[in-house]
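Structure first, then comments.
Both counts, for ligands and for their atoms, begin at 1 and track the order of listing.
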Amino acid sequence: METIRDLIPPPHIQGIKHFVDYALVDEILRSKNFRQGSHQESQPFFGDSLLTIDHDVHFERRRLQAPLFRKEALEYYEHKELLPLIDKALEECKENRDETGIVRTDLCALVRTMLARISAVTTGIDDVDTPERTDAFRTYIEQLGTGATVEWSTEDHSEVISRILKIREGFVQEFYGPSVERRKKLIEQFRNGDLSEDELPRDLLTLMYLHWNEEWDEELPLREATLYLVASSQTTTHAVPHMMIHLHEWFEEHPEDFEKRFDRDFLKQAGHEAIRLHLPSPALLRIALEDVTLSNGTTIKKDERVACLFTPANRDKTVFGDNARSFNPYRETPNVKPWGFAFGGGEHTCIGRTLVTGLSARTDNDEGTDGTLVNIAAALYKAGIEIDPLDLPTYTELSHHDAYGRFPILLTNL
Ligand code: HEM
């Protein structure tokens, strides 16, 4: 099956200037002459969140959230939350054992379950614990994700927005509201001296209520939490299936490498390649703050919206070599990040990147972190993952995202 597809620009960005070269995309993303241009229709879900604000106010908000991604926080999330959760999700799969003793499941759904709780912990949503609660929570995140990326939806956009706003009320009632109430009480106890700062949860909602800014509206924490939940789960959920199918093909063509499926360095590089080739959205959009002339002479008018097509930019042969369009876990990219623009660039560069790729080059896992991609892939190989040869994966038809919708797998060693 075809596992690397060319981007077909969706209707939403037709008629605006497109940039596909690595150097020009880099120049636009880094430039102070542009502001965020994505998520204009999805304002009810993401409005005024970190992703949609710029410059000074963005810098302040980002600084407020930085403690969530310090080394000790990342170690805590990975060792105390992610690793047990991966095991728990695999354990629950055992219920799907068929008469031949093989476990059958869907990789997209499995990864979503694994990531749901880590998203909940970093955001500050409580009680995502039982399979039923996790299932309900993950369905809410998926729905909120549909609303937050409505720009790329193949359905009627206004219909999507009103449908998902209604669904969000259920999310607030069941998960968000009680979690906020608990945090407000804990913060009150801290202010009264009954609790030390260390005893407060380390998550986004606690940080926001602890450092409340009078300029924020009451619903901002809900939209910021929505950003965190959607940005942390949908992206990685899309990345893991791509990584696994590329590795499957790689091992078919290079059987001598099959033993490397437990080699964390090899998996790390494979993860970087998978996210370089498959981006989390069709384009990064920016709006010019003034008339701009780029280094190649292209002019962009004040208030003009431009599209940085980071899929072709991440396959730019001048940067990634002649075989840039193919998957190669041994690729060397001395001058650029191995994942190219997968985590964006400039001031909006992904704040959660280290959760995904781990800290620096460490791979022994005693200290430091390897990130979600390596940990999930290693656990899947340990469980004996095989792609179901009779039921091949299919791409999602619900949006223009480069993502699988169904990915049946066998776990032969559970
Ligand atoms: C494979 C996984 C991921 C990919 C490919 C990814 C990709 C991206 C990209 C491309 C952007 C920039 C968007 C733009 O410039 O318009 C971004 C921003 C962001 N990401 Fe991620 N992301 C991933 C995982 C995560 C995780 C685990 C979190 C957890 C908190 C996260 C939170 C965010 C947030 C809050 C922003 C906004 C940052 C800002 O505007 O300053 N992402 N991400």
Is [Y] paired with [X] through a side-chain N to carboxylate O contact shorter than 4.0 Å?
X	Y	result
Lys302	Asp291	no
Asp303	Arg35	no
Glu159	Arg163	yes

Would you tell me whether [X] and [Y] have side-chain atoms, one donor and one acceptor, within less than 3.5 Å of each other?
X	Y	value
Gln36	Ser38	yes
Ser196	Asp198	no
Asn335	Thr333	no
Arg331	Asn323	yes

Can we call the ring centroids of Phe407 and Tyr404 under 6.0 Å apart?
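Close enough - the centres of the two rings lie under 6.0 Å apart.
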Are Tyr140 and Phe171, when compared by the centres of their aromatic rings, separated by less than 6.0 Å?
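Judged by ring-centre distance (under 6.0 Å), Tyr140 and Phe171 do meet the cut-off.
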At under 4.0 Å between heavy atoms, is it the side chain or the backbone of Leu50 that contacts ligand 1, or both, or neither?
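The part of Leu50 near ligand 1 is both the backbone and the side chain.
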Between Phe69 and ligand 1, find which residue part has any heavy-atom pair under 4.0 Å and reply side chain, backbone, both or neither.
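It is the side chain that touches ligand 1; the backbone stays farther off.
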In ligand 1, which numbered atoms sit nearer than 4.0 Å to a non-hydrogen atom of [X]?
X	value
Glu347	41 (O)
His58	39 (C), 40 (O), 41 (O)
Leu284	13 (C), 14 (C), 15 (O), 16 (O)

Would you call the rings of Tyr395 and His242 parallel, tilted or perpendicular, where under 30° means parallel and over 60° means perpendicular?
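Tilted, since the angle between the ring planes falls between 30° and 60°.
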Can you tell me how the ring of His254 sits relative to the ring of Trp250, calling it parallel under 30°, perpendicular over 60° and tilted otherwise?
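It falls in the parallel class, under 30°.
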Would you mind checking which non-hydrogen protein atom is closest to [atom], with the distance to 0.1 Å?
atom	answer
atom 15 (O) of ligand 1	Arg286 NH2, 2.7 Å
atom 12 (C) of ligand 1	His348 O, 3.4 Å
atom 5 (C) of ligand 1	Ala342 O, 3.4 Å
atom 37 (C) of ligand 1	Leu51 CD1, 3.8 Å

With only distance considered, is [X] within less than 3.5 Å of ligand 1 through an N or O on each side?
X	result
Gln36	yes
Thr349	no
Tyr228	no
Arg62	yes

Measuring from non-hydrogen atoms of Leu227 to any atom of ligand 1, is the shortest distance under 4.0 Å?
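Leu227: in contact with ligand 1 (<4.0 Å).
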Sub-2.8 Å protein N, O or S atoms surrounding atom 21 (Fe) of ligand 1:
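You should have found Cys350 SG.
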Does anything in residues 119-129 form a salt bridge (Lys or Arg N to Asp or Glu O under 4.0 Å)? List the pairs, not counting sequence neighbours.
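Counting only pairs at least two positions apart or across chains, the salt bridge (Lys or Arg N to Asp or Glu O under 4.0 Å) contacts touching residues 119-129 are Asp126-Arg182, Asp126-Arg183.
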With a sphere of 6.0 Å drawn around NZ of Lys88, does it hold more than 12 non-hydrogen atoms of other residues, nucleotides or ligands?
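Atom NZ in Lys88 is packed in, count exceeds 12.
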